[in-house]
Amino acid sequence: MDAQHVEGDLAHVLLTEDQIHTRIKELATQIDADYAGRDLLLVGVLKGAIMVMADLARSLERSTDMDWMAVSSYGSGTTSSGVVRILKDLELDLTGRNVLVVEDILDSGLTLSWLLKNLTSRGTESVEVFTLLRKPDAMKVRIDPRYVGFDIPNEFVVGYGLDYDQKYRNLRCVGTLAPHIYT
Ligand code: PRP
């Protein structure tokens, strides 16, 4: 789905599909170099990370294992509750693995803060974070992702995996939601 198909719902397009793909390819090149000769396991955080996981994994020039976790922190609102629940756990054993957590957005940081503690307690060799988007002005806890696609303003964004009330995930770009949709 393109922005034109939901034009009235968006205040503006923040990142085009081309901008997103170009940046993911740049970061994939870095990851190829950083993990050369080492095991790599991408852990995607459902559901928001589905698009970035698919594009990042295919941009790598190496084989990588992939697994998925589903956690819940938001419900249907627009702000983080800080309450994290595991809805689906990983299937792979993390002992001795180099884990790269793949996220669509780092907002308050509450989800990742909890997730990083959880994953490192499983005997990993290393745990790093890739996030496509980061909102520096929304951070409540300090997280230092190794790979960041874009720093964005503290506005409600949808598309490329990101939803509002489960909608707009299949939008190709990332757009700022028009306030009349959520007020
Ligand atoms: C989003 C996003 C992150 C989290 C970030 O997930 O995918 O996991 O919120 O927010 P935080 O930094 O404030 O904790 P969400 O709970 O909306 O679920 P979803 O991925 O299924 O849309």
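Every number for a ligand or one of its atoms is a count from 1 in the order of the listing. All residue numbers in this chain count up from 1 along the given sequence.
When non-hydrogen atoms are compared, ligand 1 lies under 4.0 Å from neither the backbone nor the side chain of Leu162. With a heavy-atom cut-off of 4.0 Å, Arg169 touches ligand 1 through its side chain alone. Residue contacts with ligand 1 for Asp104 involve side-chain atoms from C-beta outward but no N, CA, C or O (heavy atoms, distance under 4.0 Å). Residue-level proximity to ligand 1 for Glu103 is carried by the side chain, the only part with a heavy atom below 4.0 angstrom.
Screening Asp2, Asp18, Asp55 for a salt bridge (charged side-chain N to carboxylate O under 4.0 Å, His left out) involving Arg172 leaves a single residue, Asp2.
For ligand 1, the atoms lying closer than 4.0 Å to a non-hydrogen atom of Ser108 are 11 (P), 12 (O), 13 (O), 14 (O). Annotation for ligand 1: atoms under 4.0 Å from non-hydrogen atoms of Leu46 are 20 (O), 21 (O). The contact set between ligand 1 and Lys47, taken as ligand atoms under 4.0 Å from a residue heavy atom, comprises 19 (P), 20 (O), 21 (O). The atoms of ligand 1 that sit less than 4.0 Å from any heavy atom of Gly109 are 11 (P), 12 (O), 13 (O).
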Do any side-chain atoms of residues 128-135 form donor-acceptor pairs under 3.5 angstrom with protein atoms, and if so which ones, sequence neighbours left out?
unit_1 : atom_1 : unit_2 : atom_2 : d
Thr131 : OG1    : Leu106 : N      : 3.4
Thr131 : OG1    : Leu133 : O      : 2.8
Arg134 : NE     : Asp151 : OD1    : 2.6
Arg134 : NH2    : Asp151 : OD1    : 3.3
Arg134 : NH2    : Asp151 : OD2    : 3.0
Lys135 : NZ     : Asp107 : OD2    : 3.4
Lys135 : NZ     : Glu155 : O      : 2.8

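Under the rule for a salt bridge (Lys or Arg N to Asp or Glu O under 4.0 Å), Asp93 has no partner lying at least two apart in sequence or in another chain.
Lys167 has no carboxylate O lying under 4.0 Å from a charged side-chain N of Asp9, or vice versa, which leaves the two without a salt bridge. By the 4.0 Å N-to-carboxylate-O rule, Arg97 lies too far from Asp67 to be salt-bridged with it.
Within 6.0 Å of CD in Glu7 there are 12 or fewer heavy atoms belonging to other residues, nucleotides or ligands. Within 6.0 Å of CZ on Arg85 lie no more than 12 heavy atoms contributed by other residues, nucleotides or ligands.
Ligand 1 lies out of reach of Leu112, whose nearest heavy atom is not under 4.0 Å from it.
Proximity annotation for atom 20 (O) of ligand 1: of Ser113, Gly48, Ala138, Gly48 comes nearest, heavy atoms only.
In terms of heavy-atom proximity, Asn98 sits nearest to Ser126 at OD1-OG, 2.7 Å.
In terms of N/O distances under 3.5 Å, ligand 1 is not approached by Ser72.
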